[in-house]
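Scroll down for the structure; my scribbles are underneath it.
Predicted model only: the values in this text are computed from it and were never measured.
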Amino acid sequence: MDINQPKSFKPSLGLLDATMIVAGSMIGSGIFIVTAEIARSVGGAGWITAMWVLAGIVTLIAALSYGELSGMFPKAGGQYVYLREAYNPFIAFLFGWTQFGVIQTGTIAAVAVAFAKFTAYLIPAFSEKNILLDAGIVQISAAQIVAIISIVLLTLINTRGVQHGKVIQTVFTLAKLLSLFGLIIFGFLLGAKQEIWHANWQHAWDASAVNMVNGEVITSALAGLALFGAIAVSMKGSLFSSDAWNNVTFIAGEIKNPAKNIGRSLFLGTLIVTIIYVSCNLMYLAVLPLHDIAFAANDRVGVAAAAKIFGASGAYIIAVMIMISTFGCNNGLILSGARIYYTMAEDKLFFKKAGELNKNSVPAYGLWIQCAWASMLCLTGRYNDLLALVIFGVLIFYVLTILGIFILRKKRPEIERPYKAFGYPVLPMIYIIVALSLATLLLIFESNYTLPGLGIILLGIPLYYIAMARQPKA
């Protein structure tokens, strides 16, 4: 290793920067798209709103619980470190492997493809339909190339030091927060119609699945297990739109006063995003009839609402908003992800070079490995399937991490806890029950996605033993 190379991270991010990483990593393109599937799954306006409120509450409880862990272990790697301390290196490795295999890289790929899709709105040559290479098995479109270029560019910027990544994160997150607030306010002022709002709330709590068959709308009432299944499918979307809040824990080594600031940023970031998401959905319900929400072209509810508010230019306004949103979102994901591989490499459970920092005090090698695999995932074109695989793993590891609070209170009572989990033990336990119920329902109703997701986690088991066998004997 180069003698001049830094041995540790430089704490250079304040509370505002950390909060921007939480909010910026959470808001991607989901809020503009997911409500369509929720409307088809559960029907009524009350149920649609409830899915977003519930996702917000669940996310807030989890974020407040993580505050205790981040105060105890303010180290790079975050959730990986909490799992290692509460359980053992094996469980931590399974988390790190799943993050690298699909969660972090799959999300980066999906967000980059969403960025490319909406860029094609402004520059049609960048469309998915513009196939640049057709080799039979593999088709490469202009959109995939744009997605990969955006990942490479953000990776390059982040190898130049955390300051560069911080500036992009703060500027882009503030821009998207302001533009979302603007969209909500203009929606209520210019697009809202009293009769649409009343019609949507007429049968707000009639839960029904809505499908289009041969151009005809078929509505079927939901009750019992079918209703729980519909809630699980809806929550998959709203929870995924609220995910990645935990990314700030991965970069604890670069945050000033991490024991306090990580917990605060988790609370502030998730609260801001929850308020925006719920307000945005209430705006959709004031501007668009339920039918138009459920059957928006390509599920682009945001585009349909903007067209009502701003007329013909609405689609372009939303396209620019989503480009800003997804670009900023990916910056946060790319910046944070490499810190997990850094800590795994220190534990000799990942490529050794991923555990080295470059002259700018960032794990450049880890950033480039992440870039390479995320770019490969862009080429598979099956990013939506990847995201569906991801949510199951995400829920399982959140449950294990929050269970870790109970374990560590018994196992390590002597560790200083500058911040204690809010509402312990009731709220963390509620989170565990809700998340486990959701994971179980998804296993039943979406097994074509969740079983491969489980398979990817289990694939980590032989990989762990291979890594252990290669370690020098003490």
Side-chain angles (χ1 to χ4, degrees), residues 28-30 32-34 37 97-159 168 172 240 244 297-300 302-303 315-316 318-335 337-338 341 351 364-391 393 448-449 452-453 455-456 459:
S29 56
F32 303 103
I33 297 166
V34 166
E37 187 188 17
W97 149 250
T98 311
Q99 281 291 118
F100 178 72
V102 277
I103 295 176
Q104 201 75 4
T105 47
T107 309
I108 290 169
V111 171
V113 169
F115 170 78
K117 258 188 184 173
F118 283 91
T119 307
Y121 237 85
L122 305 181
I123 308 166
F126 292 164
S127 159
E128 293 168 293
K129 294 185 175 67
N130 182 7
I131 305 296
L132 304 178
L133 174 74
D134 191 347
I137 324 163
V138 183
Q139 279 194 336
I140 297 177
S141 70
Q144 287 167 314
I145 299 298
V146 172
I148 291 169
I149 289 170
S150 74
I151 295 173
V152 172
L153 177 66
L154 283 168
T155 302
L156 180 65
I157 292 167
N158 276 290
T159 59
I168 285 188
F172 274 78
F240 211 95
N298 297 330
D299 284 0
R300 290 174 181 157
V303 171
Y316 294 106
I318 285 282
V320 172
M321 276 176 68
I322 296 182
M323 284 169 67
I324 292 169
S325 188
T326 47
F327 196 75
C329 175
N330 249 356
N331 182 67
L333 296 170
I334 288 166
L335 172 90
Y341 324 133
F351 302 110
Y365 191 80
L367 280 162
W368 286 117
I369 298 176
Q370 176 180 262
C371 172
W373 182 236
S375 299
M376 281 293 295
L377 293 178
C378 285
L379 293 179
T380 62
R382 305 304 294 264
Y383 36 87
N384 283 338
D385 298 358
L386 272 166
L387 282 192
L389 302 179
V390 166
I391 195 69
N448 52 333
Y449 292 134
I456 288 165
L459 185 59

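- For Tyr341 against Gly366, the heavy-atom pair with the smallest separation is CD1-O, 4.0 Å.
- Put simply, OG1 on Thr105 and CD1 on Ile369 are 12.0 Å apart, with the number rounded to the nearest 0.5 Å.
- Residues Gly393 and Ile103 share a closest heavy-atom pair of C-CD1, 4.3 Å.
- To the nearest 0.5 Å, the span separating CD on Gln139 from CD on Glu128 amounts to 11.5 Å.
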Could you check Tyr121 against Ile322 for side chain to side chain contact (heavy atoms under 4.5 Å, CB included), going step by step and ending with a plain yes or no?
CA-CA 11 Å; Tyr121 237 85; Ile322 296 182; over 6 Å; no
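- For Phe115, the side-chain contact (heavy atoms from CB on, under 4.5 Å) criterion is met by Thr119, Val146, Ser150, Met323, Thr326, Phe327, not counting sequence neighbours.
- Annotation for Ile108 and Ala374: closest pair CG2-CB, 3.9 Å, computed over non-hydrogen atoms.
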One pair to check against side chain to side chain contact (heavy atoms under 4.5 Å, CB included): Leu122 and Tyr316. What are the steps and the verdict?
CA-CA 7 Å; Leu122 305 181; Tyr316 294 106; 3.4 Å; yes
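- Here the shortest heavy-atom pairing between Ser127 and Ser141 reads O-CB, 4.3 Å.
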Verify side chain to side chain contact (heavy atoms under 4.5 Å, CB included) between Arg300 and Phe118, making sure each step is shown before the conclusion.
CA-CA 11 Å; Arg300 290 174 181 157; Phe118 283 91; 3.6 Å; yes
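- Considering CD1 of Ile149 and SG of Cys378, their distance stands at 11.0 Å, rounded to 0.5 Å.
- Heavy atoms from other residues, nucleotides or ligands lying under 6.0 Å from CH2 of Trp368 number more than 12.
- From Leu335, atom CG reaches atom CG of Asn158 across 5.0 Å, with rounding to the nearest 0.5 Å.
- Taking every heavy atom of both residues into account, Ile151 and Ile334 meet most closely at O-CD1, 4.0 Å.
- Checking side-chain atoms of Asn130 against main-chain N and O of Ala125 turns up a donor-acceptor pair under 3.5 Å.
- To the nearest 0.5 angstrom, Ile168 atom CD1 is 5.0 Å from Asn331 atom CG.
- Here the straight-line distance linking atom CD1 of Ile148 with atom CG of Leu377 works out to 10.0 Å at 0.5 Å rounding.
- Between Phe172 and Ile324, the shortest heavy-atom contact is CD2-O, 3.4 Å.
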Determine whether Cys371 and Val152 satisfy the following criterion, side chain to side chain contact (heavy atoms under 4.5 Å, CB included), listing intermediate values before the conclusion.
CA-CA 6 Å; Cys371 172; Val152 172; 3.8 Å; yes
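- No donor-acceptor distance shorter than 3.5 angstrom exists from the side chain of Gln370 to the backbone of Leu367, with no hydrogens or angles considered.
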